[in-house]
Asks: 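One structure follows; several queries about it will come next.
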There are 2 protein chains.
Amino acid sequence: MASIREVAEEAGFAPATVSRYLNGHIKLKPSTQKKIEDAIDKLGYRGNGLARRLATGKSETLGFVTTDISYPFFASIASAAEREATRLGYALAVFNTRNDIMREMQILSYLQTRQLDGVIIMTNHTQTEDLATQITNDSHVVILDEDIPGAVGPRVFAENRQGGRLAARHFLENGHRSFAVISGPRGLISVEERIEGFKEELSVHGLSLPSDMIFSGPYSEETGGLGVDHFRNSPDRPTAMFATADNLCLGAIREANAANLKIPDDLSIIGFDDIPNADLLAPPLTTIRQGTAELGAESVRLMLGRLRGEIDPSVTTRIPVTLIERQSVRRMD
Amino acid sequence: MASIREVAEEAGFAPATVSRYLNGHIKLKPSTQKKIEDAIDKLGYRGNGLARRLATGKSETLGFVTTDISYPFFASIASAAEREATRLGYALAVFNTRNDIMREMQILSYLQTRQLDGVIIMTNHTQTEDLATQITNDSHVVILDEDIPGAVGPRVFAENRQGGRLAARHFLENGHRSFAVISGPRGLISVEERIEGFKEELSVHGLSLPSDMIFSGPYSEETGGLGVDHFRNSPDRPTAMFATADNLCLGAIREANAANLKIPDDLSIIGFDDIPNADLLAPPLTTIRQGTAELGAESVRLMLGRLRGEIDPSVTTRIPVTLIERQSVRRMD
DNA sequence: CTGAAAGCGCTTACAG
DNA sequence: CTGAAAGCGCTTACAG
């Protein structure tokens, strides 16, 4: 590879001039510009990003941290984030943590070694004190989808509470009166806020959700299955079940099939996320859609705004949510 | 951030010694090792990856190029690749090309600017001459999933032909005698090899696939829908349809639903990939499973082997394929 | 074994 | 406007 020095020699100028020209810090007269361009073409010069980054102290790459990129909902967000980052001149490095906090800490440390300019983090557990302090120190972190309480940094969340309300309202409109919830780990905002919204809407109608009608566990398909199992055998079997994530519904549907429990005839369900192909499931899943494109794009915009110091670390952007009606909710009466 | 020079001063040695120690190029006597470790702890030294990379000429990051990471099948592969890369000390930068060859060329150029040590490329079109020559020059590229004819480099593909045979055999075993294929763009090996295998198996049984029973188009859900539409109105309507990718099936199922065509009663289908939740579709999809974990992991292993010069650029690894029987194929008679 | 020095390829104050 | 020089923070022949 040709270096900037070689280009400069070829063109008859100093490296500094070539550098400034290439970075747009300077406007050259046409003749010298041509000489430089010719030298670049002749030598096939392309610049060395590493050297530039070392000199400037910027890596021009953003880290995107998630538990597992193979979960379709996360993949959609990552895809949108990659698109926006690319548009704005940044690369996106994707990291799977498998929910391991040590791995999360390690990735955050890349910020200090300057391998990453910023990191957008989606975490999925509630033991986040260490993360919080490190994030606060780093100040180049955007928190996405799930909260990390106590950390200082911009946040992007869905309108979780509103989502819960929409779910409850839809059940109510279809005549349901007995409810259950299957959720991820208590303490996550995707759990707490969605449940709160759900309850809020019920209470508007003079109804409530007894605490023993909430079944919680890790955000896995298995939890969904266990939840169905649990409520199927409970004395007051609910007709309507709200799940705080679609993958919970996946497990629920599998278990219902195995137990010969008909959805929606025997049990109506509403999920959250609207994962790809939710419309092709048996039954097509009624769910609360989160805008993955907005979630991904907004997180990188906030990230870059933060890097430029234009964005206050205390901002929280909420991404709207909509109910997608399909066929997993039975009309009662 | 503390630098290696500061650590060296603190410990009373030269930066060179610290560097060698940290890289395991040297074994120190316990006392000096302790001094260095103490200095590192005291200063919170972490090393600067950029500087190391500039000095060594290695970026320690691999590029993973796909048309869109949000397609679940690609996301699964990327996830496995990330895992294996991490295990072996490399980061994985994910790039979405949206099938744009210019973007692919751009990413390959990062190899020359040393931003990437190698790239694993999944492409999805047939106009690949320019790609091929660039890849041959770069020599740090692994070709995954779809071929780039003429390019010199290790390849990782599924046992496509075998997959096609399995699909045909399953149809035959279930009594089908009239067949159709919906495929991605002609020329892609995922299309050609799978169709060849399908035909091979038919011919073993004295049957054939007329060329007008192959409907091709871009690898999109839309193509699947158009295919169903096409064959539904054809004079000799097939009972069995093989799709060279599951997303084609997704479109096919949607269209069949819209046209009130029952799968598998009116039309049996077999897909390819076994995308996540294929078992929960209506109907649960019988499909040829590709091992995404192996595809992803093997591609990074070949990549690193290639970087170390241990792997011949002409190797092609084939990943096994299995038929997953579910309920989209009707038993005839 | 250990160190001083040069070099990786840029960028950017500082001078002129 | 343009250039010489220093510096980013490492690594690694080359000496001793």
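In what follows, chains are A, B, ... by sequence order, proteins preceding strands, each numbered from 1. These values consider heavy atoms only, across backbone and side chains, with no hydrogens, waters or symmetry-generated copies.
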Asks: Can you tell me if A/R52 and B/Q115 form a side-chain donor-acceptor pair at under 3.5 Å?
Replies: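 Absent: no donor and acceptor within the cut-off.
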
Asks: Taking for each residue the nucleotide of DNA chain C bearing the nearest heavy atom, is the 5' side occupied by A/L54 or by B/K27?
Replies: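 Mapping each residue to its closest nucleotide by heavy atoms, the 5'-most match is B/K27.
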
Asks: For residues 4-13 of chain A, which residues have at least one heavy atom under 4.0 Å from DNA chain C?
Replies: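 Nucleic-acid contacts, sorted: A/I4.
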
Asks: Looking only at atom P, what distance separates D/dC10 and D/dC14, rounded to whole Å?
Replies: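 Result for the P pair: 24 Å, nearest Å.
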
Asks: Counting only heavy atoms and a strict 4.0 angstrom limit, can you tell me which residues of residues 36-53 of chain A come near DNA chain C?
Replies: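 Nucleic-acid contacts, sorted: A/Y45, A/G47, A/N48, A/A51, A/R52.
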
Asks: I'd like to know if the side chain of B/D117 and the backbone of B/S59 have a donor-acceptor N/O pair within less than 3.5 Å.
Replies: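 Indeed, once roles are kept as given, a pair shorter than 3.5 Å links the two residues.
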
Asks: Looking at OG1 of A/T67 and CD of A/E104, how far apart are the two atoms once the value is rounded to the nearest 0.5 Å?
Replies: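 A/T67 OG1 to A/E104 CD: 8.5 Å, rounded to 0.5 Å.
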
Asks: In dot-bracket, 5' to 3', how would DNA chain D read with Watson-Crick or G-U wobble pairs under 3.5 Å, [ ] for crossing ones and | for pairs to another strand?
Replies: |||.||||||||.|||

Asks: Are B/Y219 and B/Y71 side-chain neighbours, meaning at least one heavy-atom pair lies under 4.5 Å?
Replies: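 A side-chain contact under 4.5 Å is absent here.
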
Asks: Measure OH/B/Y21 against P/D/dC10 and give the value in whole Å, please.
Replies: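 Spelled out: OH on B/Y21 to P on D/dC10 is 16 Å.
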
Asks: Roughly how far apart are B/E60 CD and B/L50 CG, rounded to 0.5 Å?
Replies: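 One gets 10.5 Å once the value is rounded to the nearest 0.5 Å.
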
Asks: Calculate, to the nearest 0.5 Å, the distance between atoms CD1 and OG belonging to A/I69 and A/S76 respectively.
Replies: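 Atom-to-atom, A/I69:CD1 and A/S76:OG are 9.0 Å apart.
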
Asks: Examine D/dT11: is either OP1 or OP2 under 4.0 Å from a nitrogen or oxygen in the side chain of B/H25? Give yes or no.
Replies: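 No, because none of the side-chain N or O atoms of B/H25 sits under 4.0 Å from OP1 or OP2 of D/dT11.
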
Asks: Pick from B/I77, B/L116, B/I121, B/V119: which one makes a side chain to side chain contact (heavy atoms under 4.5 Å, CB included) with B/F64?
Replies: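 Filter result, single survivor: B/I77.
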
Asks: Starting at atom CD of A/Q115, determine the distance to atom P of D/dG9, rounded to an integer number of angstrom.
Replies: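 Spelled out: CD on A/Q115 to P on D/dG9 is 14 Å.
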
Asks: Using atom P of each nucleotide, how far apart are C/dA5 and C/dC1 to the nearest Å?
Replies: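 These two P atoms come out 23 Å apart once rounded.
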
Asks: Any base atoms under 4.0 Å from A/S19, or only sugar-phosphate, or nothing? Heavy atoms, all strands.
Replies: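 Base, at least one base atom sits under 4.0 Å.
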
Asks: Can you check whether B/T17 has a side-chain N or O nearer than 4.0 Å to OP1 or OP2 of C/dT2?
Replies: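 Indeed not, no polar side-chain atom of B/T17 lies that close.
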
Asks: Donor-acceptor pair, B/E6 side chain versus B/S3 backbone, under 3.5 Å?
Replies: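 Yes, the answer is positive, given that a donor and an acceptor are paired below the 3.5 Å cut-off.
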
Asks: Of all of residues 55-62 of chain A, which get a heavy atom below 4.0 angstrom from DNA chain C, listed by number?
Replies: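 Only A/A55, A/T56 qualify.
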
Asks: Say whether B/S190 and B/E146, considering side chains only, have a donor N or O and an acceptor N or O under 3.5 Å apart.
Replies: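 The criterion, which ignores hydrogens and geometry beyond distance, is satisfied for B/E146 and B/S190.
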
Asks: If you count the non-hydrogen atoms of other residues, nucleotides and ligands that lie under 6.0 Å from CZ in B/R306, is the total more than 12?
Replies: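 Atom CZ in B/R306 is packed in, count exceeds 12.
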
Asks: Atom CG of A/N124 and atom OG1 of A/T97: how far apart are they, to the nearest 0.5 Å?
Replies: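 These two atoms lie 8.0 Å from each other.
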
Asks: Looking at CG of B/L111 and NE2 of B/H140, how far apart are the two atoms once the value is rounded to the nearest 0.5 Å?
Replies: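 The NE2 atom of B/H140 is 6.5 Å from CG of B/L111, to the nearest 0.5 Å.
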
Asks: Donor-acceptor pairs are to be reported for all side-chain atoms of residues 292-304 of chain B against protein atoms at under 3.5 Å, with residues two or more places apart or in another chain.
Replies:
| from | atom 1 | to | atom 2 | distance (Å) |
| --- | --- | --- | --- | --- |
| B/E298 | OE1 | B/R301 | NE | 3.3 |
| B/E298 | OE1 | B/R301 | NH2 | 3.2 |
| B/E298 | OE2 | B/T317 | OG1 | 3.2 |
| B/S299 | OG | B/L295 | O | 3.3 |
| B/S299 | OG | B/G296 | O | 2.7 |
| B/R301 | NH1 | B/E84 | OE2 | 3.3 |

Asks: Would you tabulate the pairs of protein nitrogen or oxygen atoms and nucleotide nitrogen or oxygen atoms of nucleotides 13-16 of chain C closer than 3.5 angstrom?
Replies:
| from | atom 1 | to | atom 2 | distance (Å) |
| --- | --- | --- | --- | --- |
| C/dA13 | N6 | A/R20 | NH1 | 3.0 |

Asks: Please answer whether the main-chain N or O of A/V152 pairs with a side-chain N or O of A/T136 as donor and acceptor at a distance below 3.5 Å.
Replies: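 Yes, because the side chain of A/T136 sits within donor-acceptor range (under 3.5 Å) of the backbone of A/V152.
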
Asks: Rounded to the nearest 0.5 Å, how far apart are CE of B/M105 and CG of B/D100?
Replies: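 Answer rounded to 0.5 Å: 11.0 Å.
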
Asks: Classify the side-chain pair B/T86/B/E82 by whether it contains a donor and acceptor separated by less than 3.5 Å.
Replies: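 On atom types as modelled, these side chains qualify, holding a pair under 3.5 Å.
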
